[in-house]
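Let me begin by presenting the structure, written as structure tokens, before commenting on it.
Proteins come first, then strands; the chains are lettered A, B, ... in the order of their sequence lines, and each starts at number 1.
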Protein chains: 2
Amino acid sequence: MPATRRPSRSDGDRSRGTILEAAAALATVEGIDGLSLARLATVTGMSKSGVFGLFGSKEELQLAVVGHARTVFVREVVEPALTAKPGRSQLLALCLGYLDHVERRDYPGGCFFASVAAEVGSRPGPVRDLVAAEHDAWIGLLAAQAHRAVADGELPADCDPVRLSGELGVMLTGADIAYLLHDDPRIIDTVRAAVATRLASPDTEPS
Amino acid sequence: MPATRRPSRSDGDRSRGTILEAAAALATVEGIDGLSLARLATVTGMSKSGVFGLFGSKEELQLAVVGHARTVFVREVVEPALTAKPGRSQLLALCLGYLDHVERRDYPGGCFFASVAAEVGSRPGPVRDLVAAEHDAWIGLLAAQAHRAVADGELPADCDPVRLSGELGVMLTGADIAYLLHDDPRIIDTVRAAVATRLASPDTEPS
DNA sequence: CCTACCGATCGGTAGG
DNA sequence: CCTACCGATCGGTAGG
């Protein structure tokens with residue numbers, strides 16, 4: 001049993017991870033289209049064509065960056081909320097976890113998906129499609145807990161889980177962008193309170 | 001009295017206007033940093049250095065584009081709402097006017113300020129500062145009507161106009177981005193209903 | 001306002 | 001993974 005490192009995690013894998021971590025953070029500031037192979041090479045100490053070779057094209061790099069950001073989002077926002085009781089509590093924990101993630105500045109440009117969604121939302125292509133799919137998955141997570149909360153009587157029976165989750169998602173994305181623009185934590189607190197209120201009072205919206 | 005055109009609006013003024021109109025629309029899709037003098041020259045039929053000369057630098061062009069977008073925003077969103085009765089009605093009209101503006105796709109990339117705020121929010125500089133100032137002015141407009149609504153008894157006395165306007169601003173920005181990403185008008189309808197509900201029910205938020 | 005040009009940087013390729 | 005290179009495009013300048 002030699003002490004040499006296991007081949008199961010190659011240098012290439014490690015390089016990929018290093019690049020993706022730097023790229024995801026950079027993308028929240030410069031945009032996912034503003035990523036440059038040369039800059040990533042400099043940051044990670046590789047050659048430009050070395051970075052290129054690991055991904056095959058800039059678009060493949062961008063798709064890999066979105067996948068990496070998803071992993072981070074699950075770890076930083078979703079998983080901590082899973083300890084809360086399913087239903088209203090977990091729904092609230094997911095929303096507050098998102099706002100904590102933004103306020104913590106896990107990425108310098110706030111929430112990766114809010115930032116990139118605003119950038120690629122009006123630019124059709126595989127990157128937009130993947131970002132939209134991940135966003136749907138996130139809203140679906142909120143909707144599932146909203147549904148459970150209604151089923152358990154924690155929210156009014158006439159509350160539409162899909163509309164409620166859409167409304168919450170909109171508030172969270174908006175909070176991220178307003179926070180970036182002003183660097184003022186009061187807007188995060190305002191949205192924390194608004195989310196809590198929304199989940200405490202009956203859903204009296206007209207259809 | 002010769003029939004020749006008045007000198008009060010020079011060719012340069014007209015060229016500026018043509019460029020700014022194209023640039024504002026382009027910026028909502030490609031980003032305000034993605035604007036290129038060469039592309040704007042092609043679109044407007046000028047030479048690249050002709051465009052450059054009218055503004056002096058790319059940054060000056062960007063600042064002029066933000067100013068133009070402000071004019072459009074006032075014309076498309078603010079002014080139509082001013083016919084509504086000051087207070088709760090005008091506050092609602094401003095919010096619904098914003099959502100109409102987004103759904104109408106006055107710009108291909110939705111609301112200019114939401115798009116550009118997400119882009120430059122984490123990038124310090126004059127462009128960010130100007131965008132932030134215009135955003136503040138918009139929220140201030142909402143806050144003034146919220147204040148009036150409270151004073152007139154149209155909203156509960158314990159409703160904080162600043163928090164309410166921040167909350168509304170967040171919902172509107174979030175709606176814009178979600179609509180871009182999915183091209184689904186249902187999210188706009190959901191937010192229309194949420195805004196109406198928010199302005200109809202008491203402000204029961206904890207401080 | 002134009003043509004013609006500058007140095008820098010881009011994504012990607014050749015060849016190893 | 002590397003060096004060396006490609007054609008294209010960038011913001012900006014010179015000179016008129």
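- No more than 12 heavy atoms of other residues, nucleotides or ligands sit less than 6.0 Å from atom CZ of B/Arg70.
- Residues in residues 161-195 of chain B take part in these ring pair (Phe, Tyr, Trp, His ring centres under 6.0 Å) pairs, two or more places apart or across chains: A/His135-B/His182.
- Contact annotation: the side chain of B/Met171 never approaches that of B/Arg192 to less than 4.5 Å [non-hydrogen atoms, C-beta and beyond].
- Residues satisfying the salt bridge (Lys or Arg N to Asp or Glu O under 4.0 Å) test with B/Arg148, not counting sequence neighbours, are B/Asp152.
- In the region residues 28-39 of chain B, proximity to DNA chain C at under 4.0 angstrom, judged on heavy atoms, holds for none of the residues.
- With sequence neighbours excluded, no residue forms a side-chain hydrogen bond (donor to acceptor under 3.5 Å, both in side chains) with A/Arg75.
- In this structure A/Glu30 satisfies the side-chain hydrogen bond (donor to acceptor under 3.5 Å, both in side chains) test with no other residue, sequence neighbours excluded.
- Remark: A/Ala93 pairs with A/Ala81, A/Ala84 by the side chain to side chain contact (heavy atoms under 4.5 Å, CB included) rule, at least two apart or across chains.
- Heavy atoms only, all atoms of each residue included: B/Ile19 and B/Met46 are closest at CD1-SD, 3.6 Å.
- Protein chain B touches strand DNA chain C; the 5'-most and 3'-most nucleotides with an atom under 4.0 angstrom of its non-hydrogen atoms are C/dC1 to C/dT3.
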### Query
Dot-bracket, DNA chain D: Watson-Crick or G-U, under 3.5 angstrom, [ ] crossing, | other strand?
||||||||||||||||

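- Using a 4.5 Å heavy-atom cutoff, the side chains of A/Leu54 and A/Ser15 are in contact.
- Interface residues of residues 119-126 of chain A facing DNA chain C, ordered by number: none; criterion, heavy-atom separation under 4.0 Å.
- Residues of residues 43-54 of chain A having a heavy atom closer than 4.0 Å to DNA chain C, listed by number: A/Lys48, A/Ser49, A/Phe52.
- B/Glu21 has no carboxylate O lying under 4.0 Å from a charged side-chain N of B/Arg16, or vice versa, which leaves the two without a salt bridge.
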Ignoring hydrogens and angles, write down the donor-acceptor pairs under 3.5 Å from the side chains of residues 125-134 of chain B, residues two or more places apart or on other chains.
residue: B/Arg128; atom: NH1; partner: B/Gly121; partner atom: O; Å: 2.8

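- Applying the ring pair (Phe, Tyr, Trp, His ring centres under 6.0 Å) test to residues at least two apart or on different chains, none of the pairs has a partner in residues 23-62 of chain B.
- More than 12 heavy atoms of other residues, nucleotides or ligands shown are found within 6.0 angstrom of CZ on A/Arg123.
- Classification of the A/Phe112-A/Tyr107 ring pair by plane angle, with boundaries at 30° and 60°, yields tilted.
- Residues A/Asp189 and B/Arg163 are not paired through a salt bridge, judged by the lack of any N-O separation under 4.0 Å between the basic side chain and the carboxylate.
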